[in-house]
Amino acid sequence: MSQHPYPFKEIEANVQSIWEKSNTFRTAEQNTRPKFYCLEMFPYPSGRIHMGHVRNYSIGDALARYKRMRGFNVLHPMGWDAFGLPAENAAIQRNIPPGTWTTDNIAHMKKQLKKLGLSYDWDREIATCLPDYYRWNQWLFLQFLKRGLAYKKGGLLNWCDQCATVLANEQVEDGLCWRCKSPVELRSLEQWYLKITDYAKELHDTLKDLSGWPEKVRTMQENWIGPSTGAHIDFSIAGMDKHLTVFTTRPDTLFGVTFVTIAPEHEEMENLLSRSDNRDLAHAFIRETLHKRTTERNTEIIEKEGIDSGIRLIHPLTGETIPLWIGNFVVSGYGTGVVMGVPAHDTRDFEFASKYGLPIKTVISDPEKNPAGSPLEAMTGPGVLVQSGKFDGLRNDLAKVEITRHLEEKGLGRSVTTYRLRDWGISRQRYWGTPIPVIYCDTCGLVPVPDQDLPVILPDHVSFTGKGGSPLAEHPSFLHVKCPKCGEDAKRETDTMDTFIDSSWYFLRFTDPKNTQLPFDRQTAAHWLPVDQYVGGVEHAILHLLYARFFTKVLNDLGLSPVREPFDALLTQGMVLKDGSKMSKSKGNVVDPDLLIDRYGADTVRLFTLFSAPPDKDLAWDDKAVEGAFRFLGRLSQKSQELVSHPGFLPTRTPPASLSQELRLVRTKIHETIQDVTRDLDGDAQMNTAIARLMELLNTLYSIDLQKGADERMVLQEGLQVTSMLLSPFAPHLSQHLWNLLGEEGLVADAPWPELDQSALVRDVVPFIIQVNGKLRATLMLPPSTTESELRETALNDEKVIRAIEGFQIKKVVHVPGKLMNFVIGPG
RNA sequence: GCGAGAGUGGCGAAAUGGCAGACGCACCAGACUUAGGAUCUGGCGGGUAAUCCCCGUGCGGGUUCAAAUCCCGCCUCUCGCACCA
């Protein structure tokens with residue numbers, strides 16, 4: 001190994017120190033060059049980087065370096081998504097303060113990223129757990145509050161009594177607390193919410209404009225927001241001066257309603273049941289259902305169950321009396337939490353009605369089938385209305401419109417669009433997060449922390465019992481505070497913010513990371529935003545990317561953000577797999593980037609992750625295949641060394657005027673490579689094929705015998721030099737080393753992208769494909785300018801073509817100039 | 001169940017409707033060697049003695065002079081959502 005011509009450790013350390021010393025990647029605020037904002041999703045500082053990070057950041061770095069050489073002023077920052085639960089768990093398990101644990105992890109991971117040679121402007125580094133950053137979370141929260149976009153609301157949440165904390169859905173396992181295994185119950189609790197539903201329509205409708213986003217991500221967000229058009233229809237309550245409103249997408253089936261079903265946790269439930277004879281049984285049913293909902297959360301299909309509430313409703317159009325049932329299958333929080341039951345035309349209602357013997361009334365007939373007899377299943381397809389009064393005979397799609405219009409005229413309904421998206425619950429009963437900046441005063445109520453008192457500092461020294469509950473509630477000097485309004489004793493909010501808040505605007509902070517007056521300066525942000533290229537894992541397709549879009553729109557409405565959409569183009573890289581599954585500790589199939597870098601160098605690791613699959617597809621890790629990338633860099637290094645060691649070596653870039661046929665073809669290959677690599681990077685960032693082109697070029701360069709003459713050495717020189725430039729986005733260390741070795745001064749990162757020599761692209765002869773009935777029969781090497789008749793003549797003199805045509809008649813000849821000729825033959 | 005995406009050698013993968021399998025891994029042969037797990041050169045979809053020829057891009061149809069690519073139907077896998085009215 002010591003004699004290996006590719007001493008990567010030396011080269012990489014050396015090149016990294018040059019970058020460090022010259023501040024190569026510090027971004028200047030200037031307007032002489034067009035801007036390019038390249039951003040990769042910042043990591044959670046878990047302790048060590050993994051191959052997913054390596055892939056993510058190699059892709060982003062290649063793009064940043066490429067754009068830089070193309071003349072852009074590139075902003076390429078990095079930071080730390082530093083709040084979160086693992087830090088608290090580490091604190092409990094190992095008795096290390098979360099802040100210390102996080103800081104240590106950041107230091108280690110930063111070292112690892114530097115070893116990879118990523119071109120970040122580290123002067124802009126941010127860590128969300130620092131008051132410098134999270135004070136602006138607090139400030140922004142208060143802006144939301146002022147605008148009515150943050151509010152507090154009670155709701156049913158998973159509660160573990162033993163741990164005295166709320167649990168996320170993912171933390172409930174088979175109805176038990178994931179940590180202490182005690183039963184989880186639903187408890188009504190107050191929580192802070194952000195009103196993302198106010199923006200549901202815009203978040204949905206502008207998705208179609210995000211042409212730089214993968215179709216897949218847009219579709220996922222579309223489904224998540226889930227708009228659904230239909231109608232609200234009012235059913236008045238018998239014996240009360242009130243009504244219940246249902247949401248339906250099928251107003252055309254209104255005449256088929258035989259019951260109405262309400263969610264067990266509906267807000268009006270107590271009110272309603274106070275008038276019911278069936279009150280006690282209904283209460284028992286609700287209790288049981290809510291209990292089951294926690295214990296049977298993970299079982300796929302819960303059987304439909306319900307009970308007659310005893311309440312009666314009046315059908316808005318027929319005036320019929322309709323029973324109100326309480327049903328476990330009705331989702332509260334979607335629509336109105338009340339649905340009309342049309343068993344004849346809805347599979348769920350049919351199931352429910354069949355079970356409880358409720359009547360089934362057909363109101364849409366399928367012209368194909370005989371409507372006589374009692375149906376065996378719900379008919380959900382299209383048809384014509386029957387038993388629907390004056391709407392009889394109408395096609396059901398038209399009836400939707402007509403019935404809704406009729407209801408609107410009578411003031412009994414209206415057409416609406418509902419969204420599946422719910423408001424964003426941001427309270428967490430945890431320590432390691434941004435304190436929510438509000439104070440509770442017995443006299444003044446809820447008081448926002450005044451701007452001048454920000455930041456509300458997260459205290460350093462807290463005790464972790466491991467028993468759950470927020471440590472902040474146990475921290476007297478944090479908890480107790482004077483009311484900013486009246487000066488009396490008051491208490492702080494002890495919940496902290498969801499960490500997704502941190503990542504919802506960090507891309508704006510990067511443009512102005514040291515601002516102490518505002519989260520960022522609008523003008524500065526206006527220069528850089530939107531992010532031109534965002535790169536990250538598809539696992540953030542919904543939550544992070546939706547929240548970031550939401551924040552950007554709100555901040556735009558607040559006059560802060562210069563744009564309404566944060567990310568112009570999005571690249572979601574695939575996972576790194578090993579042995580067919582995602583790398584994970586539990587599977588024992590992780591590959592440690594440090595070991596790989598130590599063994600092969602950062603350039604090899606980067607090159608392999610970019611080469612082995614297109615960026616958006618999953619990457620199968622293969623220890624052996626990594627050596628292929630390593631060999632390629634070794635061969636490149638070896639050839640360059642051989643050239644500069646030759647006594648006749650001249651560090652010149654000027655290509656000789658007249659060359660042999662063979663060398664002219666090599667130059668053609670060199671310039672075709674420039675063309676292809678540029679096209680691959682400009683288009684869909686197909687780095688795998690770009691690197692393949694560079695491998696081809698090196699294979700071609702290996703065919704040159706540099707002992708032969710000065711022409712050979714000059715062409716080789718040009719080829720290697722071009723390679724060192726084209727390769728530098730992917731393997732920047734070796735590229736820099738070769739750049740200097742081959743006689744150039746300074747940094748290849750500062751060099752302009754190589755230019756095409758159009759004259760070198762011209763070939764004397766090109767392959768012409770000759771087909772007979774669409775099948776390849778010959779490949780003829782002819783000048784590109786060959787005319788149709790010349791081509792035809794040459795082709796018909798070709799032995800194989802003659803044999804294929806013999807005995808048949810030529811019916812037609814298809815000619816594609818410069819490319820192909822197809823003889824269509826038949827019996828003749 | 002709904003929605004989206006993907007099926008090409010032993011493997012990772014390439015192919016503006018025009019040479020299927022570029023490039024890499026693995027494998028095979030040769031060269032240099034005391035040695036090769038270094039390096040260089042060549043081979044490498046299947047059938048075949050063959051450089052001829054035939055077959056071949058999940059399956060079945062279709063459009064076209066020409067289909068991995070476009071259209072219709074099906075199968076399989078992956079991902080997302082899932083009692084959303």
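First the proteins, then the strands, lettered A, B, ... as listed; each starts at 1.
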Please tabulate, for the side chains in residues 538-548 of chain A, all donor-acceptor contacts under 3.5 angstrom to protein atoms that are two or more places apart in sequence or on a different chain.
{"from": "A:His544", "atom 1": "NE2", "to": "A:Tyr534", "atom 2": "OH", "distance (Å)": "2.7"}

**OP:** Under 4.0 Å from any atom of RNA chain B, heavy atoms only: list the residues of residues 765-773 of chain A that qualify, in numerical order.
**Re:** A:Pro767, A:Ile769, A:Gln771

**OP:** Could you please name the option among B:A85, B:A4, B:G12 that lies closest to any side-chain atom of A:Thr249?
**Re:** B:A85

Subject >> A:Asp397 bridged to A:Lys400 by N-O distance under 4.0 Å >> reply: no

**OP:** Would you indicate which nucleotide in B:G12, B:U41, B:C83 comes nearest to any side-chain atom of A:Arg635?
**Re:** B:U41

Subject >> Shortest side-chain distance from A:Leu776, nucleotide among B:A85, B:C19, B:C65 >> reply: B:C19

**OP:** Determine whether more than 12 heavy atoms belonging to other residues, nucleotides or ligands lie under 6.0 Å from atom NZ of A:Lys708.
**Re:** no

Original post:
Taking the six-membered ring for Trp, are A:Phe352 and A:Trp325 ring centroids under 6.0 Å apart?
Top reply: yes

Subject >> Partner set under side-chain hydrogen bond (donor to acceptor under 3.5 Å, both in side chains) for A:Lys819, not counting sequence neighbours >> reply: none

Expected rows: protein N/O vs nucleotides 26-28 of chain B N/O, under 3.5 Å:
{"from": "B:A26", "atom 1": "OP2", "to": "A:Arg631", "atom 2": "NH2", "distance (Å)": "3.3"}

Original post:
Taking the side chain of A:Asn328 as heavy atoms from C-beta outward, which of B:C23, B:U41, B:C83 is closest to it?
Top reply: B:C83

**OP:** Using salt bridge (charged side-chain N to carboxylate O under 4.0 Å, His left out) as the criterion, list what pairs up with A:Lys617, not counting sequence neighbours.
**Re:** none

Original post:
Base, sugar-phosphate, or nothing: which does A:Val816 touch, judged by heavy atoms less than 4.0 Å apart?
Top reply: base

Original post:
Counting a pair only when it is Watson-Crick or G-U and both distances are under 3.5 Å, which runs of at least 3 such pairs involve RNA chain B?
Top reply: B:1-7 with B:75-81, B:10-12 with B:23-25, B:27-31 with B:39-43, B:45-47 with B:53-55, B:58-62 with B:70-74

Subject >> Whole-Å distance separating the CE atom of A:Met575 from the C1' atom of B:G5 >> reply: 13 Å

**OP:** Describe the nucleic acid contact of A:Ala692 in one word from base, sugar-phosphate, nothing, applying a heavy-atom distance below 4.0 Å.
**Re:** base

**OP:** With P as the reference atom in both, quote the distance from B:C65 to B:U76 in angstrom, rounded to an integer.
**Re:** 35 Å

When the side chains of residues 330-343 of chain A are checked against the rest of the protein, which donor-acceptor pairs come out under 3.5 Å, sequence neighbours left out?
{"from": "A:Ser332", "atom 1": "OG", "to": "A:Glu265", "atom 2": "OE2", "distance (Å)": "3.4"}
{"from": "A:Thr336", "atom 1": "OG1", "to": "A:Thr245", "atom 2": "O", "distance (Å)": "2.7"}
{"from": "A:Thr336", "atom 1": "OG1", "to": "A:Phe247", "atom 2": "N", "distance (Å)": "3.4"}
{"from": "A:Thr336", "atom 1": "OG1", "to": "A:Val338", "atom 2": "N", "distance (Å)": "3.4"}
{"from": "A:Thr336", "atom 1": "OG1", "to": "A:Val338", "atom 2": "O", "distance (Å)": "3.2"}

Subject >> For A:His315, all residues meeting side-chain hydrogen bond (donor to acceptor under 3.5 Å, both in side chains), sequence neighbours excluded >> reply: A:Thr318

**OP:** Return the nearest nucleotide to the side chain of A:Lys304; candidates are B:C83, B:G80, B:A85.
**Re:** B:C83

Original post:
How about A:Tyr6 and A:Phe630: are their ring centres within less than 6.0 Å of each other?
Top reply: yes

**OP:** Could you check A:Tyr356 against A:Phe259 for ring pair (Phe, Tyr, Trp, His ring centres under 6.0 Å), going step by step and ending with a plain yes or no?
**Re:** CA-CA 11 Å; A:Tyr356 292 105; A:Phe259 60 97; 9.2 Å; no

Original post:
What nucleotide among B:C25, B:A85, B:C23 has an atom nearest to a side-chain atom of A:Ala625?
Top reply: B:C25

Subject >> Nucleic acid contacts of residues 669-690 of chain A, taken as heavy-atom distances under 4.0 Å to RNA chain B >> reply: A:Asn688, A:Thr689

Original post:
Taking syn as any angle within 90 degrees of 0 and anti as the rest, which one fits B:G9?
Top reply: syn

Do any N or O atoms of the protein come closer than 3.5 Å to N or O atoms of nucleotides 45-47 of chain B, and which pairs are they?
none

Original post:
From B:C53, B:G24, B:A85, pick the nucleotide closest to the side chain of A:Arg803?
Top reply: B:C53

Subject >> Set of side-chain hydrogen bond (donor to acceptor under 3.5 Å, both in side chains) partners for A:Glu215, sequence neighbours left out >> reply: A:Arg218

Original post:
Contact class for A:Val338 (heavy atom, under 4.0 Å): base, sugar-phosphate, or nothing?
Top reply: nothing

Subject >> More than 12 heavy atoms of other groups within 6.0 Å of A:Asp682 CG >> reply: yes

Original post:
With sequence neighbours left out, what residues match A:Lys669 under salt bridge (charged side-chain N to carboxylate O under 4.0 Å, His left out)?
Top reply: A:Glu696

